J.: 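First the structure, then my questions, so here it is.
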Amino acid sequence: MSLSAIAAARPETAIVLGSGLGEVAEALGVEAQVPYAEIPGLGAATVPGHAGRLVLARVNGRPVLIAQGRRHLYEGLTAHEVTAGIRLMHELGVRRVLLTNAAGAISEHFQMGGLMLITDHLNLQGTTPLLGGPHFHDMSQVYDADWRTELLAAAQELGQTLHQGVYAALLGPQYETPAEIRMLRVLGADAVGMSTVPEAIQARALGMQVAGISMLTNWAAGLKPQTLDHAEVIAVGRAASQDLAALLRAAL
Ligand code: HPA
């Protein structure tokens with residue numbers, strides 16, 4: 001399957017799947033796929049738990065483009081590089097993108113393995129894909145209010161709890177210290193991760209509608225006696241993938 005064949009389906013909606021959430025693509029039904037390695041500018045995804053391919057799925061009869069696996073700043077890439085996929089989606093005619101990730105829960109109101117609809121973000125990564133321009137882009141409504149209402153309604157219909165909150169993005173690749181988590185809480189963060197924000201900024205700057213969903217795979221550092229483990233983050237993500245797939249099927 002080639003990229004042009006996927007483009008020919010004219011998907012208007014795209015989904016980016018984060019760590020351990022790759023199985024959501026299978027659950028939605030893979031119609032066609034192209035490995036990132038075969039797409040100029042995207043290269044191979046290098047993090048365990050990331051399949052690294054562009055998938056065409058059909059959700060409720062409509063074509064949906066799925067980026068299964070993403071690149072991260074902590075791989076040593078620039079914010080411009082990690083957002084190449086968003087610009088490609090835009091070129092293919094995608095008008096709205098739903099970004100997903102695995103995140104550590106900071107708010108004590110959250111359930112482990114639950115989903116959080118991102119209402120806003122804190123960019124604490126020290127960079128942005130807009131370096132060099134366009135300058136001074138408005139970011140007062142990154143996560144589309146109407147799309148959020150639709151996602152909340154879909155979750156309610158399914159009887160799913162969909163938490164809401166602010167996502168803080170740090171550079172990584174190490175997890176946070178307990179002191180950093182206390183700082184993030186003071187700053188207004190409800191969940192913490194290492195992705196999504198560059199893509200959200202790039203997509204907004206291109207005029208795309210953006211939504212974000214975090215899967216709460218662990219309690220952030222210092223909130224529980226356990227230490228953090230990437231394998232556990234992936235395992236919890238897998239277990240909750242079916243919930244996310246059901247929500248996306250109902251909402252798209
Ligand atoms: N911190 C940062 N990134 C993460 C976490 C976390 O606790 N869990 C999953 N991704």
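What's counted below: heavy atoms across the whole structure, side chains too, no hydrogens, waters or symmetry copies. Please read all numbers here as calculations on a predicted model, not as lab measurements. One-based numbering, in listed order, for ligands and for the atoms of each.
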J.: Can you tell which part of Ala221 has a heavy atom less than 4.0 Å from ligand 1: side chain, backbone, both or neither?
T.: neither
J.: Tell me: protein heavy atom nearest atom 7 (O) of ligand 1, and distance?
T.: Asn218 ND2, 2.9 Å
J.: Tell me which protein heavy atom sits closest to atom 5 (C) of ligand 1, plus the residue, atom name and distance to 0.1 Å.
T.: Gly104 N, 3.4 Å
J.: Under a 4.0 angstrom heavy-atom cut-off, which atoms of ligand 1 come close to Met194?
T.: 2 (C), 3 (N)
J.: Mark yes when over 12 heavy atoms from residues, nucleotides or ligands other than Gln156 sit less than 6.0 Å from its CD; otherwise mark no.
T.: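 Count not over threshold, so no.
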J.: For Glu108, I'd like to know if atom CD has over 12 heavy atoms of other residues, nucleotides or ligands within 6.0 Å.
T.: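 Yes, enclosed.
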J.: Would you check if the side chain of Tyr36 reaches a backbone N or O of Gly69 as a donor-acceptor pair within less than 3.5 Å?
T.: yes
J.: With respect to Glu176, determine whether any N or O atom, backbone or side chain, lies less than 3.5 Å from an N or O atom of ligand 1.
T.: yes
J.: Around atom 3 (N) of ligand 1, find the nearest protein heavy atom and jot down its residue, atom name and distance.
T.: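 The answer is Gly193 CA, 3.4 Å.
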J.: Atom 10 (N) of ligand 1: which protein heavy atom is closest, and how many Å away?
T.: Ala102 O, 3.3 Å
J.: Going by the angle between their ring planes, with limits at 30° and 60°, are His121 and Tyr143 parallel, tilted or perpendicular?
T.: perpendicular
J.: Just wondering, do Gln68 and Glu26 contact through their side chains at under 4.5 Å, heavy atoms?
T.: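 Yes, side chains in contact.
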J.: When you look for heavy atoms under 4.0 Å from ligand 1, do you find them on the side chain of Thr217, its backbone, both, or neither?
T.: side chain
J.: Is the side chain of Thr119 donor-acceptor paired with the backbone N or O of Gly165 at a distance under 3.5 Å, no angle test?
T.: yes
